[in-house]
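To start, the structure under review is shown below, and the notes come after it.
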There are 2 protein chains.
Amino acid sequence: MATGRTHRPATRSRGIPEATVARLPLYLRALTALSERSVPTVSSEELAAAAGVNSAKLRKDFSYLGSYGTRGVGYDVEYLVYQISRELGLTQDWPIVMVGIGNLGAALANYGGFASRGFRVAALIDADPSMVGKPVAGMPVQFIDDLERIVAENGVSIGVIATPAGAAQQVCDRLVAAGVTSILNFAPTVLSVPDGVDVRKVDLSIELQILAFHEQRKAGEETGGEAILPPVVRDAAAVTPAEGRKGPDGDMPAVMPA
Amino acid sequence: MATGRTHRPATRSRGIPEATVARLPLYLRALTALSERSVPTVSSEELAAAAGVNSAKLRKDFSYLGSYGTRGVGYDVEYLVYQISRELGLTQDWPIVMVGIGNLGAALANYGGFASRGFRVAALIDADPSMVGKPVAGMPVQFIDDLERIVAENGVSIGVIATPAGAAQQVCDRLVAAGVTSILNFAPTVLSVPDGVDVRKVDLSIELQILAFHEQRKAGEETGGEAILPPVVRDAAAVTPAEGRKGPDGDMPAVMPA
DNA sequence: CCATCTTTGTGCACGCGTTCACAAAGACAT
DNA sequence: ATGTCTTTGTGAACGCGTGCACAAAGATGG
């Protein structure tokens, strides 16, 4: 299992930087809102504020796409919407399959943001026979045995995994074998995929843990002026790693199960 | 500051790099799995493989926490689980409130990963009166008017927003005013918060759009050796931005509504 | 046509994060 | 104790992303 290469070499010289690509949807959303209000043009300063980024960063981002602005005026909203949409590949229709129609999967299927921007849910797939046929988001759930057929018949290249962690890798393998080359993973697991397959990962509990870290730091700082030592616990488990290797001693607080 | 002979981690300063913090939950998950299988020690190479990262990166990440490994052996699993948990602030209990109990909010409330690692859902809040009192994930939904009281009584410092986009900023303002200093936002909006408040954002459609970009590039590359021009459309809207500013002309494909 | 004003596009410097490569440190065998 | 072997911890180089600051470009007005 020497796979596991989830990140790409990113040696695209004339490519658009990853960080820029990640912001393009942000700009697109802000521009769409302006478009709906029939705003004809927008300056980098205004658009940057709406997207929550620095204006210099925004201009540099757009410079990778080309010179689409007019100096002294700004950017044409409609034109920019089209250019970014095209760059992101949203001018075409992307059929996607969603595997794992539990609580989260059903919520995602119902989530409007999925279907609204060029993405079309081609099928909902689950491994639970009692789910099969039940309508979710106006669409009958299909059995996982049909996964390969569904992917092939619909030309699906993007899959969404919302299964439990234990099933995710297996589902991933089947999706990849069937021809899917991009995966959005909601299961709390690291997926191994061959080269050429992109995986993006959304993990709810990880985000919370990152917030908790910052929250703890804030709380620790306002306690006093201590700048070096952590605020609280520093006594228990303050042993050297070597001697801490004994066997079944459960003095650690059970922080989590899975 | 580069003293060669400080046996203590003096340069621990106080700042763990953001990128490292974002990976700590990943390591923690892998370590927890090892712990459940009663694996006593693990090498950086093995753990890195399980977490899907480079082993050098993992060692450098751990070096920010201190010298918790044993050369020639590896890391003590239980000890490392405890150290990372403490660093992330997971040894304490974090009460959180979730606002917006629609499809997504209900799914999140039911999602085990939330409650499992030191986080406790203190309250579910919604603005829809018909939702109030209904049990979701074994907990009655409360009305949004009680938001401030709930936050204060439970000492909540972390809030999760799963409302529609239109309501997110308003809810955010109320949470912040009530004392919440960390927000996890699932609504597709840019939130404005005062300094000192952390916001993390999970946007499902943005992730899909990023995947679509890479997917399009893959498709374009395998078409042929064209290296400069984009694969397809290059005729329509190939006008200068200046003259494209006319009024109500809908020749752009309607890519999305909201 | 010229002057002025606005806003873009970008060269440049800087800081962060990643990766390599290796010395130091400890385990283990003899 | 000594040597060998394994694995950590980290110095250093490198590349990417960010933000500043400004010249170029075009609009606008006289």
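Each chain gets a letter, A, B and so on, in the order the sequences are listed, and its residues count up from 1.
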Check: C/dG9 base within 3.5 Å donor-acceptor of A/K60 side chain: no
Touch class at under 4.0 angstrom, heavy-atom based, for A/Y75 against every strand present: sugar-phosphate
Whole-Å distance separating the OH atom of B/Y68 from the P atom of C/dG26: 16 Å
Spacing of B/I16 atom CD1 relative to C/dG17 atom C1', expressed in whole Å: 15 Å
Euclidean distance, atom OH of residue A/Y64 to atom C1' of C/dG11 [Å, nearest integer]: 12 Å
Any donor-acceptor N or O pair under 3.5 Å, side chains A/Y82, A/E78: no
Pairs flagged by salt bridge (charged side-chain N to carboxylate O under 4.0 Å, His left out) wherever residues 194-203 of chain B is involved - sequence neighbours left out: A/R29-B/D203, A/E207-B/R200, A/K218-B/D198, B/K201-B/D203
Integer-rounded Å distance: C/dG26 P and B/D76 CG: 16 Å
A/Y79 OH to C/dT8 P, straight-line distance once rounded to whole Å: 16 Å
With the criterion being N/O to N/O and under 3.5 Å, what pairs connect the protein with nucleotides 21-23 of chain D, and how long is each?
from: D/dA21; atom 1: N6; to: A/R59; atom 2: NH2; distance (Å): 3.4

Length of the line joining A/D61:CG and D/dT18:P, which is rounded to integer Å: 7 Å
Summary of salt bridge (charged side-chain N to carboxylate O under 4.0 Å, His left out) pairs that have at least one residue in residues 39-64 of chain A, sequence neighbours excluded: A/R23-A/D61
With B/E18 via side chain to side chain donor-acceptor pair (under 3.5 Å) - residues at least two apart: A/H214
Rounded interatomic separation in angstrom, taking CD from A/E18 and P from D/dG17: 8 Å
Donor-acceptor contacts under 3.5 Å from residues 182-189 of chain B side chains, at least two apart:
from: B/S182; atom 1: OG; to: A/E215; atom 2: OE1; distance (Å): 2.4
from: B/N185; atom 1: OD1; to: B/A187; atom 2: N; distance (Å): 2.9
from: B/N185; atom 1: ND2; to: B/A187; atom 2: O; distance (Å): 3.2
from: B/N185; atom 1: ND2; to: B/T189; atom 2: O; distance (Å): 3.1
from: B/T189; atom 1: OG1; to: B/A165; atom 2: O; distance (Å): 3.4

5′-ward residue of the pair A/G72/A/R23 relative to DNA chain D: A/R23
Side chain to side chain donor-acceptor pair (under 3.5 Å) partners of B/R71, counting only residues at least two apart: none
N/O (side chain, A/S44) to phosphate O (OP1/OP2, C/dT7) under 4.0 Å: no
Separation of D/dC14 C1' from B/K57 NZ (nearest whole Å): 15 Å
Expected output: side-chain B/W94 to main-chain B/S157 donor-acceptor under 3.5 Å: no
Sugar-phosphate, base or nothing in reach of B/E45, heavy atoms under 4.0 Å: nothing
